[in-house]
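Take a look at the structure below.
Every number for a ligand or one of its atoms is a count from 1 in the order of the listing.
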Amino acid sequence: MLQLDHHPSGRHFLQIPGPSPVPDRILRAMSLPTIDHRGPEFGALGLKVLAGIREVFKTRHPVAIYPASGTGAWEAALANTMSPGDHLLMYETGQFATLWQKMALRLGLQPEFLALPGTDAETGLPISWRRGVQPELIEARLRADSGRTIKAVCVVHNETSTGVTSDIAAVRRAIDAAGHPALLMVDTISGLASADYRHDEWGVDVTISGSQKGLMLPPGISFNALSPRALEAMKRATLPRSFWAWDEIVEMNKSGYWPYTPNTNLLYGLSESLDMLLGEGLDNVFARHQRWAAGVRAAVQAWGLPIQCADPAVYSPVLTGVVTPAGVDADALRRLIHERFDLSLGTGLGKLKGRMFRMGHLGDSNDLTLIAMVAGVEMGLKLAGIGIAGSGVQAAMDHFAAHAAQDRSAAHASPRALQQAA
Ligand SMILES: *Cc1c(COP(=O)(O)O)cnc(C)c1O
């Protein structure tokens with residue numbers, strides 16, 4: 001039970017794949033006094049974060065920022081581009097893809113949900129929840145759509161319920177190979193600023209993201225990165241929208257303001273997060289997450305437990321899903337680990353409930369905090385009487401010791417410190 005008057009000693013290990021641990025530097029930036037959102041200082045802040053977030057999405061086009069969770073930005077993407085009854089082609093990679101598909105139904109759209117059929121022999125889990133989007137299925141379906149009724153293809157870049165990524169450039173190529181005019185919409189709520197992502201280069205029309213994962217912020221702001229085609233589609237789309245409407249936001253953002261009160265203190269945090277991420281360099285940020293992920297996977301492999309992602313080409317750099325042996329309730333294991341070691345792990349969602357848990361390796365982490373996470377899980381597995389083949393802690397230590405972090409100085413110095421040094 002949650003006891004707000006009691007805190008265990010030491011740090012809490014928040015190892016769910018979002019919200020991720022927030023760096024102290026960001027928490028401090030967010031504690032500054034709230035300012036007038038129509039005043040002159042605010043405009044400068046607005047322009048700064050809007051320019052910086054475009055660099056993170058790798059786009060020259062507008063990015064709308066909402067005071068809302070990621071789910072709001074999903075709705076914004078659909079409400080701005082679709083009309084009642086429109087057909088969508090969505091792809092079942094896991095629970096987040098499923099929730100987005102349910103939202104499309106609620107909004108009066110007609111989503112078709114593609115998936116690889118069947119269950120997997122190793123785990124009995126749905127095959128489609130262990131692999132990424134199969135672009136050839138999308139291409140075949142679009143080729144068959146001779147009436148061109150499908151208005152958008154919607155995929156999740158980093159499926160947070162499974163720890164599987166999808167090749168977005170390949171999805172774009174599939175749409176182009178079919179010569180189909182559908183928009184491409186991508187949820188990278190948990191991929192942005194942890195996994196390589198290129199809105200313009202990959203020809204994405206709407207990218208959806210959120211604050212509480214790779215951007216290392218608390219929950220509460222979310223994003224739509226737009227393409228010129230998405231802005232054109234908005235003019236013809238007739239689903240009702242007001243709070244989410246891009247036109248007013250994009251217009252007012254030109255001067256750094258919003259049509260309504262934005263989330264001022266979270267924007268202070270975003271400004272700090274952008275300084276950290278762009279100061280480190282996005283390629284270094286991506287390499288750092290890949291290295292962490294490989295260390296955590298080495299631990300899971302040493303335990304002899306299956307990794308939820310069955311295709312090594314698309315392992316997530318953000319989180320690793322671990323399948324528990326048949327008959328072991330993964331949520332009971334998670335509860336035990338939380339009670340004993342103050343370590344929070346991600347639960348198995350939807351079709352994976354009770355069958356797996358998720359280890360996050362994003363946000364304010366380093367080799368030693370991740371080894372602590374691995375140690376907490378390993379002790380939990382032993383306490384729960386789950387047989388393991390070998391020591392994951394040893395495997396993670398060996399991995400991190402054998403693979404030096406790249407560009408350590410840049411990763412730990414603030415841009416201001418770098419400027420002073422220059
Ligand atoms: C976290 C997440 C969401 C939901 O975002 P909320 O902020 O909880 O509304 C959607 N999609 C993915 C891939 C996510 O990781």
Open item on the list: Can you name the atoms of ligand 1, numbered from 1 with element, that are less than 4.0 Å from a heavy atom of Asn158?
Closed with: 13 (C)

- [ ] Kindly confirm or rule out a cation-pi arrangement of Arg11 over Phe13, judged by NZ or CZ under 6.0 Å from the six-membered ring centre and within 45° of its axis?
- [x] yes

Open item on the list: Just by distance, no angles: are the side chains of Asp200 and Thr59 close enough, under 3.5 Å, to form a donor-acceptor pair?
Closed with: yes

TODO: If you have a sec, work out which protein heavy atom is nearest atom 15 (O) of ligand 1 and how many Å separate them, to one decimal?
DONE: Thr160 OG1, 2.4 Å

Open item on the list: Given the ring of Phe96, does Lys213 sit roughly above its face, with NZ or CZ under 6.0 Å from the centre of the six-membered ring and within 45° of the axis?
Closed with: yes

Task: Option set Lys213, Gln212, Glu159, His157, criterion heavy-atom distance to atom 1 (C) of ligand 1, minimum - done: Lys213

Task: Check: Gly70 N/O within less than 3.5 Å of ligand 1 N/O - done: yes

- [ ] Give the residue and atom name of whichever protein heavy atom lies nearest to atom 11 (N) of ligand 1, and the separation in Å to one decimal.
- [x] Asp187 OD2, 2.7 Å

Open item on the list: Is the contact between Thr71 and ligand 1 made by the side chain, the backbone, both, or neither, using heavy atoms and a 4.0 Å cut-off?
Closed with: both

- [ ] Search all heavy atoms of Met185 against all heavy atoms of Ala152 and return the closest pair with its distance.
- [x] CE-CB, 3.8 Å

Task: Contact summary for Gly18 and Leu362, nearest pair of heavy atoms - done: N-CD2, 4.4 Å

TODO: Give a yes/no on ligand 1: does Trp74 have at least one heavy atom closer than 4.0 angstrom to it?
DONE: yes

Task: Other residues, nucleotides, ligands: >12 heavy atoms within 6.0 Å of Arg340 CZ - done: no

- [ ] Enumerate the atoms of ligand 1 whose separation from the nearest heavy atom of Ser69 is less than 4.0 angstrom.
- [x] 6 (P), 7 (O), 9 (O)

